[in-house]
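Note that the numbering runs from 1 along the sequence shown for the chain.
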Amino acid sequence: PISAVLLSVLGYRLYAKQSSTTPTYQTATVEKTLFLNSISASGTITSGDTTYITTGATGTVTKVFVKNGDTVKKDQKMAEISLDDDGKLTQITAWNNYQSALVNAKNALTAKQTSEITMLQKRQAVVDAETAQRDSVSGGWNPDTKQPYTQNELSIVASEYPQAKNAYDAALKSFQIADSNISLANAKVSAAYRNYQKVSSTVFAPADGILNNFTLAPGVVLGNATTSNTITVSSGTDTTTNSS
């Protein structure tokens, strides 16, 4: 019958429509792949994958603990040097600079504690000056003499508040920069220790990585460089370093 044919056609179309909307999936094996992105910029791009090993020590290499191709960690001991007289003097100077930096860092911590106490004392002085000024204006008695304020005392009270306020403001600023002074002192400690490492009898790895073109060997003599790429340790308070 015609109705049966229509039902058959309708059923087929519904089935076909349902089948065409059924999602299909494609599987694949998980792989680790290297993706490269191109970068376009004006100027110079410097690769950061090479770190040069430098030393400001002078003397004779006695021991070498690594070789080309070895994987090293930052601050790993790489070689030992028997320092000559100049090398010993430079190392002692660098060590003294490092110790001085440690003392300055401790003094910065103490200075913060002292500045906090001073700031609190100055703040209380402002409160006391405000109270005295308020009492003098309202006709109160001097709490020290237990008598009405004299004209001279009133003049003193009037000048004490601005002085106390200025002293508090200065103490507050000193306390507020204490943390910055501590950070600066700690940075100088780190710099002084790095400079000491650069001129010490031990050559340390400056970073993690794989050694390449490492030429130090026992018996090699390291002397003062004649170029500008030398490591200089100042005998003053701060240490300066100029290395290649």
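Gln197 has its side chain within reach of Asp75: a pair of non-hydrogen atoms, C-beta onward, lies under 4.5 Å apart. Taking 4.5 Å as the limit, every side-chain heavy atom of Phe204 sits out of range of all side-chain heavy atoms of Lys198. In this structure, Ile117 and Gln113 have side chains that are not in contact, with every pair of non-hydrogen atoms separated by 4.5 Å or more.
Between Tyr98 and Tyr196, the ring planes lie parallel to each other; the angle is under 30°, not in the 30° to 60° tilted range.
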**Study point:** Working for side chain to side chain contact (heavy atoms under 4.5 Å, CB included), residues Phe175 and Glu116
**Key:** CA-CA 6 Å; Phe175 174 69; Glu116 183 177 12; 3.4 Å; yes
Check your understanding: Do Tyr161 and Glu130 pass the side chain to side chain contact (heavy atoms under 4.5 Å, CB included) test, and can you show the C-alpha distance, the side-chain angles, and the key distance before you say yes or no?
Key -> CA-CA 6 Å; Tyr161 174 75; Glu130 286 179 333; 3.1 Å; yes
Check your understanding: What do the steps show when you test Leu216 against Leu222 for side chain to side chain contact (heavy atoms under 4.5 Å, CB included), and what is the final call?
Key -> CA-CA 10 Å; Leu216 278 187; Leu222 303 176; 4.2 Å; yes
Exercise for review: Could you walk me through whether Asp84 and Lys88 pass salt bridge (charged side-chain N to carboxylate O under 4.0 Å, His left out), step by step?
Suggested key: CA-CA 6 Å; Asp84 57 21; Lys88 291 176 182 178; over 6 Å; no
Practice item. Go through the steps to decide whether Ile53 and Val203 satisfy the test side chain to side chain contact (heavy atoms under 4.5 Å, CB included), and finish with yes or no. Key: CA-CA 9 Å; Ile53 302 169; Val203 179; 4.0 Å; yes
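Judged purely by distance below 3.5 Å, without hydrogens or angles, the side chains of Thr58 and Asp86 never pair a donor atom with an acceptor atom.
The two residues Pro206 and Tyr52 come nearest to each other via the heavy atoms CG-O, 3.9 Å. Taking both residues in full, the closest heavy atoms of Ala192 and Asn97 are given as CB-O, 4.1 Å, listed atom of the first, atom of the second, then distance. Shown here for Ile81 and Ala57, the closest heavy-atom pair between the two residues is CD1-CB, 3.9 Å. The two atoms that bring Asp208 and Lys74 nearest to each other are OD1-N, 2.5 Å, heavy atoms only. Of all heavy-atom pairs between Lys112 and Asp179, the closest is NZ-OD1, 2.7 Å. Across all their heavy atoms, Asn195 and Ala94 have their closest contact at O-CB, 4.4 Å.
We find the NZ-NZ distance between Lys122 and Lys165 to be 14.0 Å, quoted to the nearest 0.5 Å. Expressed to the nearest 0.5 Å, how far CG of Asn181 lies from CG of Asn104 amounts to 11.0 Å. Note: Arg194 CZ to Ser190 OG = 6.0 Å, rounded to the nearest 0.5 Å.
At a threshold of 4.5 Å between side-chain heavy atoms, the hydrophobic network of Ile, Leu, Val, Met, Phe, Trp and Tyr places Ile182 and Val189 in two separate groups. By the rule that hydrophobic residues join a cluster once side-chain heavy atoms approach within less than 4.5 Å of another member, Leu211 and Val61 end up as members of one cluster. Note on Leu120 and Leu172: same hydrophobic cluster, where clusters join Ile, Leu, Val, Met, Phe, Trp and Tyr whose side-chain heavy atoms are under 4.5 Å apart, directly or indirectly. Val64 and Met78 fall within the same hydrophobic cluster, defined by Ile, Leu, Val, Met, Phe, Trp and Tyr side-chain heavy atoms under 4.5 Å apart, directly or through other members.
In this structure, Ser174 contributes its side chain and Ala171 its backbone to no donor-acceptor pair below 3.5 Å. Judged purely by atom type and a 3.5 angstrom limit, Asn68 uses its side chain to pair as donor or acceptor with the backbone of Asn213. Side-chain N or O atoms of Asn186 include none that pairs as donor or acceptor with a backbone N or O of Ser183 at under 3.5 Å. Between the side chain of Gln99 and the backbone N or O of Asn96 there is no donor-acceptor pair closer than 3.5 Å. Thr62 places a side-chain N or O within donor-acceptor distance of the main-chain N or O of Glu80, the cut-off being under 3.5 Å. When atom types are taken as modelled, the side chain of Gln91 and the backbone of Ser201 share a donor-acceptor pair closer than 3.5 angstrom. Within the 3.5 Å criterion, the main-chain N or O of Val66 finds no donor-acceptor partner in the side chain of Asp70.
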